[in-house]
Every structure is written in C-alpha cells, then in structure tokens.
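Small disclaimer: the values here were computed from a predicted structure and weren't measured. Indexing begins at 1, ligand by ligand and atom by atom, following the structure's order.
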Amino acid sequence: MLQFPSHGANYEALYKNFGLDLPEVVFDLSENVNSLGIPKQIEKLWPSLQQQLLTYPHPEAEPLRTMIATKHHVQKECVLVGNGGAELLTFYAQLYRGKKVILVHPTFSEYKMTLEAAGADVIDLTISDVAAYQLPIEEIKQEMTDADCLYLCNPNNPTGALISKTILLELIQYGEKVGCAVLIDEAFMDWTDEEHSAINLVNEFKHVTVLRSMTKMYGIAGIRLGYLIGSPQLVRDLRKRLPHWNVNNLAISIGVECLNDEQFRQESINYQHKQKVYLVDYLLSRNCIVTNSVVNFLCFQLANPTDTREFYFHCLKRGVVLRHTENYIGMDGKWLRIGIKSAEALAKFQEVMDEWYA
Ligand SMILES: Cc1ncc(COP(=O)(O)O)c(C=O)c1O
C-alpha cells in the first residue's frame, strides 16, 4: 500500500518514500512558500543578527507584537505571537479537549490532527462541490448549535478560495447567539486584500479569533513565525500555556523587517498573479477543472480524475513535485494542488503535462 506523506515540501524524503530516483533538477510545487524568496532587507540585516544569539528574546516578542497590533488596528493585548502558526494551532486546539469542534473539508489537514491529539471531538462537514467552494451554511449552523468552535480557513488551503465577508459575518453572528467560538485561519490572507480579513471583527465579537502565518508570504518557513488576534482573555489563557520565550530573537527581528516591507508584498502578489493567469489558461486548455484561487496556489482536476495518481507519478519522475490530495477529506486524491512558483518552474510543469498528453 502506498504511503502518501501528510504534508507538501521535503521532496527528498518523498522520492525516497516512493523508491524513486531523485532527478537532477527538481521543481517543488507541492508547498506554498513565496518563490521570490525573502525581503532583501533581511539579507542586509543577517550579519548583525549574530549578536542576538547571546540574549533571551522578549517574552512577548516585542517590538513585533506592537507592530502587528498597529498594522491591524487592535490593542496589543489582543495579539499573541507564535513559533509559526502551527504552534498556535496546537495550543488553540488544546482549549477544546472533550469539546465539539466543526471542520469544513477539504481544508488544512493539521486542524484535525491537532484537535484529535488534544482530545477534541471533531465534526467533519464536507463541501459537495470543491470547485465552487460554497460553504454548506445551513448544515454548519445546525452543527454550531451544539458545538464549541467552528474552524474556517480563509482563503482556504488547499483550494485557495475566499469566503465572503457576508457569509463570515452570518456565521460569526450565529456563533455569538448559540455560544460557538469561530477560529478563522488567515495564513494566506497576505496574498490578497486585507479587506477580506476578519480581524476588524475581533474587537466586536469576543468569540472570534484570527490566525495569521508570516512564513508563506515572506519566504521564512524555516524561522517559524505566526500570530493570533483574539480577545485579551483568550490571549492571556493561551499565553499561560505556551513556553516562555516561544519566539526566538531572529524571528522577532526578521518579522519586523517583513512587516516594514510592503513593497515586497506587493511585488510578490503581482508576480504570482501573472504566473497564475498563465497557468489557469493552460490548465483550462487541457480541460482541467480549476479552483477559484485568490492566493499563491490552486487545485486542479484532470479531465479524467481516475488518472490523477498516474499523472502525479509521471510528474515526480520528471522532476515536478505536486501536492497530492489523498489525505484531504472531500478530495480523496482526485485533485492536485500546485504552488504558483517561478515562470521557469511553471514552464517545466507545462512541458511535463504536454508530454503526458502527447
Ligand atoms: C492553512 C494553514 N494554516 C497554518 C499553517 C501553519 O503555518 P506556519 O506554521 O508555517 O506559520 C499552514 C502551513 O502550511 C497552513 O497551510
């Protein structure tokens, strides 16, 4: 039985796992980190960071925490900085031991893993039409009456689709009425417009928490940096559980540079947008179904979905790594996710797909 890894990236292990020879050149389109790399200012700062290895970091990740609060127009008491969004997800899940949490699939697989590890009772709902990505609102509301929390991923990983503010508000207001908290994971919101974010609702609704990751947009997956914006009470509760000095000095300094570099963010959005338009046109010309993504990855389905595995391995053997969807509930391996990377990487993907159809 083939064992598919539960995450993208780490392609060397992937080839080894499948017993495949590692091609000389590999384009990894299975993960979603910015293909433009890191903001240039970080490179300049790098030598001076050595000095920071000597000291303990600020326990509240200052001055980054205050900068985040200013950026999002919230009090700093509403901000909790984490060693990657993944750390915050792990600790947030622990609040729901023995409680009911709703997930809407297909979505980020780490939610279910962290919640189950924390002893939560997970209610799995599934969207029927992956490409259209319309949330089953009535079904969600029905479950909310009896649940403690609803997780939403916006824009959603793996589809890249956005949930409208109107729908978010409807679910948030319903959650307030029936006592169901709402966690909105905006790990990829930096790739689109801040107007879609639910952060401005956190002040008004104490049961709403928003998670952000800095690793995707700023190309810093290795340093681990994310944050959460929620009620001061929730931030205090989680803070008590987290390790002291959970965010290291390098991450704090690098995070400050990232937030100062709005130009880098805009250039990244523009670059990936150009590549995405080109890629979507190509996939449609191959009769694929493509998700309506607002971010730096998308999902597609082959005209004949039963060929998906074969196509996935064809790509691997030719040095193009896509993200399988075997462990995404509601996709069952019949879709593939592709990161919108460099023009060179996407041209290689196209060449490999052309070859498949030839
Ligand atoms: C939807 C989503 N949320 C959160 C994370 C965690 O991000 P990080 O720990 O790198 O900040 C990821 C990482 O892949 C993700 O895809």
Output the list of atoms in ligand 1 that are nearer than 4.0 Å to some heavy atom of [X], sorted by atom number.
| X | answer |
| --- | --- |
| G84 | 9 (O), 11 (O) |
| G85 | 8 (P), 9 (O), 11 (O) |
| C153 | 1 (C) |
| S213 | 7 (O), 8 (P), 10 (O), 11 (O) |
| F188 | 1 (C), 15 (C), 16 (O) |
| T215 | 8 (P), 10 (O), 11 (O) |
| R224 | 8 (P), 9 (O), 10 (O) |

Between L211 and L89, is there a side-chain heavy-atom distance shorter than 4.5 Å?
yes

Hydrophobic cluster identity match, L298 and L322, side-chain contacts under 4.5 Å:
yes

Shared hydrophobic cluster, I289 / L283 (ILVMFWY, side-chain heavy atoms < 4.5 Å)
no

Are F108 and Y151 close enough that their ring centres sit under 6.0 Å apart?
no

Before we go on, tell me: are the rings of Y278 and H273 under 6.0 Å apart, centre to centre?
no

My understanding is that only one of E194, E195, K165, H73 makes a side-chain contact (heavy atoms from CB on, under 4.5 Å) with N200; could you say which?
K165

Sub-4.0 Å heavy-atom approach of [X] to ligand 1:
| X | answer |
| --- | --- |
| M214 | no |
| A221 | no |
| K216 | yes |
| A86 | yes |

Does the pair K40/D261 count as a salt bridge with the N-to-O cut at 4.0 Å?
no

Is the F311 ring parallel, tilted or perpendicular to the H314 ring (thresholds 30°, 60°)?
parallel

